[in-house]
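Residue numbers begin at 1 in each chain, while the letters A, B, ... track the order of the sequences. Hydrogens, waters and symmetry mates play no part in the numbers below; they use all other heavy atoms, side chains included.
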There are 2 protein chains.
Amino acid sequence: MTVATKPRKEQIEHVATDLFKSKGYAATSMRDIAAAVGIEAASIYSHINSKEQILTGICFRMARAFMTGIEEVMQTNTSIDEKFKMAVMRHVDVITSDIAASAVFWNEWRHLSEPMHSEFVTLQRKYELSFRSLIEQGVEEGVFEVSNISFVVMAMLSSLNGIQKWHSYTLPPEELNEAFANIFLKGLKK
Amino acid sequence: MTVATKPRKEQIEHVATDLFKSKGYAATSMRDIAAAVGIEAASIYSHINSKEQILTGICFRMARAFMTGIEEVMQTNTSIDEKFKMAVMRHVDVITSDIAASAVFWNEWRHLSEPMHSEFVTLQRKYELSFRSLIEQGVEEGVFEVSNISFVVMAMLSSLNGIQKWHSYTLPPEELNEAFANIFLKGLKK
DNA sequence: TTTATTTGCTAACAAACGTTAGGTTGCTTA
DNA sequence: TAAGCAACCTAACGTTTGTTAGCAAATAAA
């Protein structure tokens, strides 16, 4: 190992994440990953237990990041539209901090097998519900006006998570943050 | 063939579309498709030439539908915000008219091989440019106010195309149409 | 009735898949 | 110096993949 090289395990996970993003999980072989790292496929198993373990790692690490973000926001003591704005910004932060992992998190989780699959879906639901309750609170306080909350939550999350598909050709993270937070706030305001 | 059954070729394509949506193209085998139709894998080849041909068919049929929609809108002679609203509604129409095919169109096109892959990307670009020029026109006329057009186009299309992920638990198409058209118009208006 | 055509079958193919076994090398610690 | 361990290798495994060949039955056209 030469100067300041990442541990092999991390390197494998990193390379795998990129490949899962660009080719998809099912279409990425262990031999693809190995070639990108510069070793043989069988050698990967000195560092990880299975292909799916890599996917599981990525999906749940990102899920945790998203959940932590919104939980922290919900515990703060500020106005509802400030809270909402913060939640959006935190979501954007998590995505831009690791675009490839976000893409995998968003597009490849269906390849998780049980019981991970169910567990993941539960986490995802929980996250959506948090967003939903934020908007509901805004509506109760008379700050937001929304005809169909489910619709708004889903449209918003789709829009946010779409970042990973086109992020290459746009704004720096801080501007992205502001742009999203403002667009949605404007759309919700009474 | 009993009363009013679909031709086998269409049936295969229909079943394949559903499977491509739920499992992904790469993770769907010809044997999966065959089993869902109720025949043997080899029998599929009496009706289609290859697995990829099915994907190609779906992707380009949907691409054509989207392009036709926006081209017709752009040729009409109405105000810019009416045009924009129509474009959004047509897009939603195309998606809701075949959710499974839309999901495949949006998520699985990367598995097309050359030269189809390049051709598809070109079409996609063209579609985005049409939306972009609609917004640009609105800005020039002083009807819309937008800080970063690329951002808005991408955020909007991501949001629209996200429909296929959550469509099960919401609005009927007509309401969906209106909801989207209004949300975006509200967000763009000066 | 004969002839084509369509639609399906079984059997098999070569290639690619995730993964395991078992061995070699070289560094680290006792 | 010896022992232990981490990181890599080659070879191979059993399975699954998309697809082809060749044949049988049913249906439609002559």
At a heavy-atom distance below 4.0 Å, what parts of residues 12-24 of chain B sit against DNA chain D? none
C:dC9 OP1/OP2 closer than 4.0 Å to side-chain N/O of B:Ser43: yes
Please report, rounded to the nearest Å, how far the C1' atom of D:dA26 is from the CD1 atom of B:Ile39. 16 Å
Heavy atoms, side chains only, cut-off 4.5 Å: are A:Met154 and A:Glu128 in contact? yes
For the NE2 atom on A:His14, are there more than 12 heavy atoms of other groups (residues, nucleotides or ligands in this structure) within a distance under 6.0 Å? no
Min side-chain heavy-atom separation B:Met30-B:Tyr45 under 4.5 Å: yes
Whole angstroms only, please: what is the CZ-P distance between B:Arg8 and D:dA26? 16 Å
For C:dT6, take OP1 and OP2 only and decide whether either is under 4.0 Å from a side-chain N or O of B:His47. no
Rounding to an integer number of Å, can you tell me how far A:Ile33 CD1 sits from C:dA16 P? 17 Å
Looking at A:Glu136 and A:Arg132, is there a salt bridge between them, counting it only when a charged N and a carboxylate O are closer than 4.0 Å? yes
The contact string for nucleotides 17-28 of chain C, one letter per nucleotide 5' to 3', using protein heavy atoms under 4.0 Å with B, S and - for base, sugar-phosphate only and none, comes out as BBBB--------
Count I, L, V, M, F, W, Y as connected when their side-chain heavy atoms are under 4.5 Å apart, and connections chain through other members. Are A:Leu160 and A:Met86 then in the same cluster? no
Residue pair A:Glu141 / A:Gln137, side-chain donor-acceptor N/O under 3.5 Å: yes
Under 6.0 Å from the ring centre and within 45 degrees of the ring axis: does the NZ or CZ of B:Lys126 meet both conditions for the six-membered ring of B:Phe66? no
Mind checking what makes side chain to side chain contact (heavy atoms under 4.5 Å, CB included) contact with B:Ser97, not counting sequence neighbours? none
